[in-house]
Protein chains: 2
Amino acid sequence: VKALVFRHGEPRVVERPDPDPPGDEAVVRVHLAGICGTDVEIARGYMAFEGIPGHEFVGVVERSADPSLAGRRVVGEINASCGACPTCRAGRPRHCPRRTVLGIAGRDGAFAERLALPERNLHVVPDGVSDRAAVFTEPMAAACAIAEEIAGLAGSRAAVVGDGRLARLSARVLAGEGAPPEIWGKHPEKLARFERDGLRTHRGAPGDDRAFDLVVEASGSPDGLELALRLVRPCGTVVLKSTYHGAAPIAMVPVVIDEIRVVGSRCGPFAPALARIAEEPAFFEALVSDVLPLDDAREAFRRASSPDASKVLFDLRA
Amino acid sequence: VKALVFRHGEPRVVERPDPDPPGDEAVVRVHLAGICGTDVEIARGYMAFEGIPGHEFVGVVERSADPSLAGRRVVGEINASCGACPTCRAGRPRHCPRRTVLGIAGRDGAFAERLALPERNLHVVPDGVSDRAAVFTEPMAAACAIAEEIAGLAGSRAAVVGDGRLARLSARVLAGEGAPPEIWGKHPEKLARFERDGLRTHRGAPGDDRAFDLVVEASGSPDGLELALRLVRPCGTVVLKSTYHGAAPIAMVPVVIDEIRVVGSRCGPFAPALARIAEEPAFFEALVSDVLPLDDAREAFRRASSPDASKVLFDLRA
């Protein structure tokens, strides 16, 4: 297969053998694959991953022992767990210490014509959902995890810190749950998108009003948590989505005094994410700014790394 | 009344008018009052509080319109809320923005012969519980809050970071709930107390085993959270009890990747705390190292500030 790898931080298109997985895994012919911030970090050395990156995809099952999957259009959960260790048996397979992660750790990913994943990781895409919408299932699942963090979300006062892609999906989830958030961001042109979605936006630091039941920190910035802690009310919840690296100085005493819950959240449930996408595929299709062939990988990553990027996709059939 | 105040960081015994509170408050004749780390911080300027400190007490109701309280021995919740604001009406009176806090904010405290508190804050002490045990109700309530943070605590693997008084009470609560914790501390002589309680102890940093369902951070030290994050398992809970000040650099990315819940916890429920104390008053009585009259305040604070301090009490009838 034709595939992308990073060498010294630069994307390079190479030829690799077709995936030939064990019996409980399916081979998927990739249609579209999205470039995520994590891919940009992998290019810079994150996870010391040297395989094929890419973990947001939609494709068609070319080979599977499961007749309900063969030939179907699918998206896939990215954590491939062992199923046998104490963590898996305790119901937390996403945290299996022996797991591989598609395009991130120990498993070649979606920036290739074909990939392999366990059959239990795959979800069939409904017919009404285009490839360009379905490719958002993985990031949308991460956003849907927010709704699992607090009971009775409808009617809550919610805020989102950040104005990027994950912030936008998070805001969509909250609005869909009856808790349309206020947005704190830095970039007027990005905030304008939220305003077109009917949401109230703010630039700069908030006052010290501590009024929000739920604050989603999706800024990708070390100062995002501090800002979130100024927004959340006593006994409220901050959902941390930002995976910036390094250690920022954080005054934790307000967390104790105001009895705040700070909940880290990485991945999320695919089924509700697909259901939401099926409700409004046009919203997701409009998030795509570019669709490029793998041969234009350098240009694709350049665009995906720009501050104002919407989603850049690879078309693996081009 | 004879009372203690701080002037330039030093305790001074002064004469003050008797408390003469509004109709829904009771006057309590204080028997014993405990010195807490917060009092030591108040001496150093915390909260810029200039009134009478002290918030751990047991005493007898001298004046109350409530016949079920008059003449009874009581302990008292320290947050006096307005009852009318949105925070109070939402069921979070401990976080009322207009609250006063006994001996900490806007309300004279327990280092005095008499104090005033709203009647609804008072809890009658069972006859079998001595004053020396009952005076631990407030800190024990703070420890009991831990049990409210996770469902199904019995059988969980728990750890406590810290080896001081709050750590010891926290460990007692966890053991009582069927989750005897392992202790990470720094002081051999303090860790020995936990060992006599039948608990396993550790000095120094842990390996990176991330095995504990629940970790209580009660070290009072900025590096306690980092240590707690190395102990907790994916999707586990860290309960933050330490109210150290300042901002420590904390790498939050493991919280996101491992989907950890970090929950701040300050105060707790008095009723279960009193019930636990009634089960084993001797354990609590043995935590007292010194009982001194208010006139020995300087010596009392010196002992309470020493690294190896058990609980130092004022006897307000001496």
Side-chain angles (χ1 to χ4, degrees), chain A residues 46-47 86-87 90-97 99 101 104-105 142 145 148-149 157 209-211 213 217-218 220 222 224-226 229 232-268, chain B residues 46-47 86-87 90-97 99 101 104-105 142 145 148-149 157 209-211 213 217-218 220 222 224-226 229 232-268:
Chain A
Y46 176 57
M47 300 291 288
T87 301
R92 297 184 292 274
R94 287 192 325 228
H95 297 278
C96 170
R99 73 185 182 275
V101 187
I104 296 175
E148 297 182 327
E149 292 302 341
R157 280 197 73 184
D209 55 345
R210 299 175 193 262
D213 302 305
E217 202 293 274
L225 175 55
E226 197 201 343
L229 291 175
V232 69
R233 66 157 166 83
C235 301
T237 299
V238 173
V239 177
L240 277 188
K241 295 297 268 182
S242 284
T243 52
Y244 62 83
H245 297 281
I250 300 164
M252 293 301 280
V253 74
V255 174
V256 178
I257 300 292
D258 291 334
E259 301 188 324
I260 307 297
R261 298 189 330 136
V262 178
V263 187
S265 173
R266 173 172 50 105
C267 298
Chain B
Y46 175 58
M47 300 290 289
T87 302
R92 297 184 293 274
R94 289 193 325 229
H95 296 278
C96 169
R99 74 186 182 275
V101 188
I104 295 175
E148 297 183 327
E149 292 302 341
R157 279 197 72 185
D209 54 345
R210 300 175 192 263
D213 302 305
E217 203 293 272
L225 175 55
E226 196 198 346
L229 291 175
V232 70
R233 67 158 166 81
C235 303
T237 299
V238 173
V239 177
L240 277 189
K241 295 296 269 182
S242 284
T243 51
Y244 62 84
H245 298 280
I250 301 165
M252 293 302 279
V253 74
V255 173
V256 178
I257 300 291
D258 291 335
E259 302 188 325
I260 307 298
R261 297 190 330 136
V262 178
V263 187
S265 173
R266 173 170 52 104
C267 298

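Proteins come first, then strands; the chains are lettered A, B, ... in the order of their sequence lines, and each starts at number 1. In what follows, every heavy atom counts, from backbone to side chain, and hydrogens, waters and symmetry copies are set aside.
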Novice: Identify the heavy atoms of Arg92(A) and Cys235(B) that sit nearest to each other, and give their distance.
Specialist: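 Shortest heavy-atom separation between Arg92(A) and Cys235(B) comes out as CD-CB, 3.5 Å.
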
Novice: Picking from Ala145(B), Ala251(B), Pro86(B), which has the most non-hydrogen pairs under 4.5 angstrom with chain A?
Specialist: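 Winner by heavy-atom pair count: Ala251(B).
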
Novice: Can you tell which part of Leu240(A) gets under 4.5 Å to a heavy atom of chain B, answering side chain, backbone, both or neither?
Specialist: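 Both backbone and side chain.
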
Novice: Who pairs with Glu259(A) by salt bridge (Lys or Arg N to Asp or Glu O under 4.0 Å), at least two apart in sequence or on another chain?
Specialist: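 Arg94(B).
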
Novice: Output the option from Leu225(B), Val255(B), Ile257(B), Asp258(B) having the highest count of non-hydrogen pairs under 4.5 Å with chain A.
Specialist: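 Top option by heavy-atom pairs under 4.5 Å: Ile257(B).
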
Novice: Does any pair with a residue in residues 233-252 of chain B pass salt bridge (Lys or Arg N to Asp or Glu O under 4.0 Å), and if so which ones, sequence neighbours excluded?
Specialist: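 Found Asp213(B)-Arg233(B).
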
Novice: Can you tell which part of Ser242(B) gets under 4.5 Å to a heavy atom of chain A, answering side chain, backbone, both or neither?
Specialist: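 For Ser242(B), backbone heavy atoms alone lie under 4.5 Å from chain A.
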
Novice: What heavy-atom pair brings Arg261(A) and Val263(B) nearest, and what distance separates the two atoms?
Specialist: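 Between these two residues, the closest heavy atoms are CG-CG1, 4.0 Å.
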
Novice: Does Glu226(B) CD have over 12 foreign heavy atoms under 6.0 Å away?
Specialist: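 Open.
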
Novice: Which pair of heavy atoms, one from Met252(B) and one from Ile250(A), lies closest together, and at what distance?
Specialist: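 Minimum heavy-atom separation between Met252(B) and Ile250(A): CG-CD1, 3.5 Å.
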
